[in-house]
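Read through the structure below, which is laid out as structure tokens, and then see the notes.
It should be emphasised that the depicted structure is a prediction, and the values quoted were computed from it without experimental measurement.
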Amino acid sequence: MLAEIITIGDEILIGQIVDTNSAWIAQELNKIGVRVKQISSVSDDREHILTALAEASKRASIILITGGLGPTKDDITKKTIADYFGVKLIENEASLNNVTAIFAKYNRPLLEVNRQQAFVPENCEVVINKNGTAPGMWFNIDGKIYISMPGVPHEMMYMMEESVIPKLKASLKLPFIIHKTILTVGEGESFLAERIADIEDSLPDFIKLAYLPKLGQVRLRLSGYGDDETLLNTKINEFSAKIIERVANVFVADEDIPVEKAILNLMEKKGLTLSVAESCTGGYISHLLTQHAGSSKVFLGGGISYSYELKESILGVKNETLWQHGAVSKETVQEMVEGALLNFKSDYAVAVTGIAGPDGGSLEKPVGTVWIAVANNDKTIVKMFKFGNKRKQNIERTAISALSMLITLLNNTGK
């Protein structure tokens with residue numbers, strides 16, 4: 001069963017807001033066996049919307065539309081959909097009662113422009129919006145299902161979870177879709193593809209393998225489609241195990257989580273703690289870790305030490321080391337990581353120092369030069385990296401490289 005998502009709004013096309021609705025809707029549809037064929041964003045323009053609807057109906061059986069249902073004149077989705085089906089707008093009593101109740105709750109007058117939100121195309125089934133005034137609309141026309149929902153994310157999400165998804169499941173015979181994600185770090189997709197080529201070639205027709213690379217890591221996603229859920233799970237697990245065995249040296253996790261979450265899970269399981277000493281990343285590694293609930297069970301904290309003075313006072317880096325070798329050096333990063341272990345009293349530590357750019361480089365140490373160290377009480381690993389000249393990318397690459405080194409140390413250590 002194929003679906004298409006259409007998001008409506010000039011604010012998306014000019015970059016004023018990011019379309020998070022489509023990604024979330026696609027994930028929810030996937031869970032119930034509906035595959036998204038295409039995602040389109042269109043402007044608040046009648047002809048543009050009409051064209052998008054007509055083209056979507058040729059590609060998909062389910063068309064989901066978000067946006068353009070507000071009370072102002074630029075919100076034209078509802079009227080345009082009525083024109084698309086050649087019907088008129090009528091006042092819906094349930095929608096009017098909903099709008100009236102919301103305004104009464106906040107002791108605000110019900111303006112005519114708000115009352116107009118209760119008008120819907122006469123051929124739709126209303127989906128009451130329990131979190132706002134704009135109703136959703138369900139159309140079942142010529143074997144195609146059209147669902148129009150508000151663009152406000154939380155209103156759309158509740159409507160999908162409480163009404164749209166249950167109705168789709170009740171209305172359609174849907175196949176099963178099973179995904180299994182294998183997270184790897186430290187090896188490019190082309191090298192991984194070559195290592196597992198024979199396994200990929202032996203996959204049955206109902207299982208596909210996708211390579212999803214991102215800054216030093218690659219997700220391998222196995223996707224199975226069919227009517228037999230037991231068979232799908234059995235085969236997905238069988239081929240997942242084969243791939244994990246083959247790429248064991250770069251394997252991180254067999255679930256769809258970021259590398260820092262995999263580290264937190266592993267360290268929590270082993271009862272280990274972590275601290276950081278960040279210079280060129282300016283706290284970005286700490287941010288990646290602490291964005292996950294429960295990170296405090298593992299992550300003790302650390303220091304962001306740009307200056308020589310803070311490297312000395314917080315981390316115990318020797319003054320002569322800094323002046324003899326510089327802040328961006330093997331010697332300095334080694335003392336930083338060992339100082340983090342000692343002063344923050346953690347089981348493991350990560351330290352980074354480098355030249356993020358765009359200025360500050362030299363012939364000897366150009367922009368993008370980064371030293372990274374990871375350590376426990378028994379072992380310290382130090383590596384130099386040469387990234388590019390873009391500051392944001394250098395910070396992100398430094399962080400993922402540091403986390404990759406950390407998980408390698410964790411996997412190669414008995415504790």
- Check against side-chain contact (heavy atoms from CB on, under 4.5 Å), Ile76 and Ile49: CA-CA 9 Å; Ile76 63 170; Ile49 296 170; 4.0 Å; yes
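- Using a 4.0 Å cut-off between charged nitrogen and carboxylate oxygen, Lys130 and Glu155 do not count as a salt-bridge pair.
- Glu200 and Tyr211 share a donor-acceptor pair across their side chains, judged by distance under 3.5 Å alone.
- Using modelled atom types and a 3.5 Å distance limit, the side chains of Thr72 and Asp74 yield a donor-acceptor pair.
- Between Ser404 and Gln217, the side chains place no donor N or O within less than 3.5 Å of an acceptor N or O (distance only, hydrogens not considered).
- A salt bridge links Lys235 with Glu238: at least one charged nitrogen is closer than 4.0 Å to a carboxylate oxygen.
- Ser305 and Ser279 form no side-chain donor-acceptor contact under 3.5 Å, judged by distance and modelled atom types alone.
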- Determine, stepwise, if the pair Ile400 / Val259 fulfils side-chain contact (heavy atoms from CB on, under 4.5 Å). CA-CA 8 Å; Ile400 192 63; Val259 63; 3.1 Å; yes
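- In this structure, Lys37 places its NZ atom where only 12 or fewer heavy-atom neighbours from other residues, nucleotides or ligands lie under 6.0 Å away.
- Counting non-hydrogen atoms of other residues, nucleotides and ligands closer than 6.0 Å to NZ of Lys386 gives a total above 12.
- For the residue pair Lys311/Thr332, the side-chain donor-acceptor check at 3.5 Å is not satisfied.
- The shortest side-chain heavy-atom distance between Thr181 and Asp254 does not fall under the 4.5 Å cut-off.
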